[in-house]
Structures are given as C-alpha cells and as structure tokens.
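Here is how names work: the chains are called A, B, and so on, in the same order as the sequence lines, proteins then strands, and each is numbered from 1.
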Amino acid sequence: MLAFWKISSYSLDMPRRHAGTVLPLELEILERGLAMKSADEFYGYSIAQALSEGGHGLTAHGTLYKALSRMVEAGLLTAEWETAIVDGRPRRRIYAVTGDGERVAREARAAQPQPAPSLKAATA
Amino acid sequence: MSRVSHLVEHWCSFYTRDLPDTVAADRREELTSDLFEHRAAGGSTASIARRWIAGIPSDLSWRYRMLEASGARGLRLFTTAQVLAALMVAWGITVMIRFATSTAQYFELSTFLLLAAATGIAAIGLAMFSRSNQRVVGVVALTIAALAFNNLTLKVGLWISWTWTGRLQRYVLIHLMPMPLPVALVLIYLPGLLVTALFVIAAVRSRRVGPTTA
C-alpha cells in the first residue's frame with residue numbers, strides 16, 4: 001500500500017526541481033520569446049498578453065515575474081532595462097531568450113509526448 | 001493612477017521591503033511598467049485586481065527565495081513565529097466578535113477587557129517582532145500575550161465552544177489539579193510556555209531578518 005508520505009507532492013522533504021527542467025509556463029515563455037518578431041517587444045506586460053492568447057486571462061503579476069526572475073537566474077533569459085524614456089511611459093525591462101534557453105525549449109518540446117492520432121485520421 | 005494600482009504598488013513595497021536594494025528596485029519598477037501598460041491597453045480595475053490577488057502566493061514564495069539567497073538566517077522559524085503571532089491576534093479578535101454576537105450570559109467585563117488588552121499587545125508584539133531592531137521588545141510583548149491567552153482560554157472558551165471548553169476544564173480539574181502545585185502550573189501554562197520558547201528561539205536565530213526602521 002502506498003503511504004501518503006511516499007508520494008513526493010505530499011512529502012515534507014520534497015526535493016527541489018532538477019536543474020535543466022522547465023515548467024510549462026517557462027516553456028511557453030521561451031516559445032513566445034522565440035516567436036517574437038521584434039526584440040524590443042518582449043517585456044513583462046507583452047509576455048502576459050502573449051501568454052493569454054491561448055484563451056486564458058493575463059498571467060498574475062506574482063506568477064509571471066517570479067518565473068521571469070527564475071529564468072534569468074537559470075540563464076534561459078537575459079534582462080536589460082530600456083535606457084531611454086519613450087513617450088513618458090515607465091521604462092520596460094526587455095527580455096531575450098539565450099542560446100541555452102533556445103536549446104532547453106527545443107529539448108523540452110521534443111521530450112513531450114506526441115498527441116495520439118485522432119480516430120478520424122486513423123480510419124481515413 | 002487607480003486605487004487598485006496604488007494597492008498593488010503598496011503590496012509590492014511591502015513584500016520587497018527588506019530585500020537587497022537592486023532586487024527590490026527591479027521588481028517595483030517592473031510592476032510599475034506592467035500596471036501602466038495594462039491601463040494603457042484598456043485593462044479594467046477588476047482585471048488588475050485579479051492579477052494582483054492571484055499572484056500573492058508567488059510574490060511571497062519569491063520573497064522567501066530572495067531572502068534565502070541574500071543569506072538571511074533562521075528564516076523558516078521566523079516566518080513560523082510570525083504566523084503563530086498572527087494566529088494569536090486572529091484568535092483574540094474572533095473570540096471578541098463571537099462574544100459580541102452571542103448571548104451575554106457569561107459576560108465578565110474584566111475578562112473581556114483583559115482579552116482585548118492581550119489581543120492589542122499581541123498585535124503590537126507582532127509588529128515589533130517583525131522589525132529587527134525592536135524584536136526583543138516584540139518577544140516580551142508576545143510572551144505576555146501568549147501567557148494571558150493561555151490563562152484566559154478556560155474562561156473565554158465558553159464564548160466559543162461549550163463542548164471543548166467543558167472537556168478542557170474537566171481535564172484540568174481531574175488530572176492537573178491533584179498534582180503538586182508547581183507541576184500543575186507548568187502543565188497548565190505549557191502551551192503558552194512552548195509558544196514563548198518558539199518566539200525566543202526565532203528571535204535569536206533571525207537577528208538580521210526584517211527592516212530596522214519604523
């Protein structure tokens with residue numbers, strides 16, 4: 001019988017995430033960053049907007065900036081503040097996907113299970 | 001700027017208050033930019049509030065991680081002590097509300113005033129405990145409050161639950177009272193003493209956690 005303390009999610013000593021593994025939100029951020037046409041358009045609010053395109057609401061402030069901070073620390077993204085003030089708005093922190101970030105995104109996508117073919121396609 | 005944006009910025013100032021300057025400044029400035037862009041894109045107050053509230057657990061875990069990274073010692077114990085102190089305050093307020101909304105059959109003004117005073121002392125103690133330069137005084141205040149709550153529980157418990165207070169009183173009368181007085185006193189005040197010990201240990205181990213200015 002499986003005791004509840006043997007299930008990692010309930011363990012008091014739950015190990016931290018292995019280095020190199022990415023969460024679904026982080027993978028999505030990497031993919032949105034790689035798909036972004038203009039390098040200057042990848043900043044906090046624009047990332048929240050891009051992530052909401054799948055039909056979800058805008059990502060919560062805490063969730064988004066915690067993920068971005070962790071990804072910068074892990075070397076998946078770089079972050080630079082705008083140097084010039086444009087149109088009187090607060091300056092943006094522009095993110096860019098690093099080479100490591102690109103590789104991790106590619107590997108994570110390849111490791112994901114492929115969706116099963118639909119019945120319609122299989123019987124066609 | 002809307003009221004909710006102000007609230008978000010105040011919240012940000014609160015959870016970044018004792019983090020390294022650059023880390024705190026980056027987070028504040030990034031959030032200011034986000035709020036501006038969200039407003040400029042026609043975001044509603046409700047949408048900003050939803051993003052704020054849904055992100056609070058992540059804000060707190062990020063803060064904890066940043067404090068850990070900055071080498072703050074005894075952080076876990078310090079947080080536990082803060083939560084315990086907050087629970088004491090919440091318990092005092094709950095009992096007072098329950099009393100105010102229930103029949104006044106067991107009303108004793110002196111007990112009620114003592115409870116109100118203990119709750120106030122616990123709230124002040126919590127605020128002082130959270131500041132590194134006032135922590136010792138905070139521990140003293142929380143100790144007074146913890147022992148007062150311990151003492152008052154048997155009396156004010158009837159305002160909350162007859163069943164549990166009855167069981168507690170029977171336990172004290174049947175098992176503790178026949179014991180030698182010093183032993184009985186220690187056992188009766190054991191919960192308060194244990195809580196006090198936790199506050200003291202947390203204060204000693206986390207001397208440098210928290211802001212130093214009022």
Region of B/Val23 that comes under 4.5 Å of a non-hydrogen atom in chain A: neither
Other residues, nucleotides, ligands: >12 heavy atoms within 6.0 Å of A/Glu80 CD: no
Pick from B/Ile53, B/Asp26, B/Val8, B/Ile48 with the largest number of heavy-atom pairs that fall under 4.5 Å of chain A: B/Asp26
Best-contacting candidate, B/Asp34, B/Leu31, B/Asp59, against chain A by heavy atom pairs under 4.5 angstrom: B/Asp34
Side-chain donor-acceptor pair present, B/Ser2, B/Ser5, cut-off under 3.5 Å: yes
Best-contacting candidate, A/Ala67, A/Ser46, A/Ser69, against chain B by heavy atom pairs under 4.5 angstrom: A/Ser69
Under the side chain to side chain contact (heavy atoms under 4.5 Å, CB included) test, residues paired with A/Ala50 that sit two or more places apart: A/Arg32
Side chain to side chain contact (heavy atoms under 4.5 Å, CB included) against A/Arg91, all qualifying residues, sequence neighbours excluded: A/Trp81, A/Glu82, B/Glu29
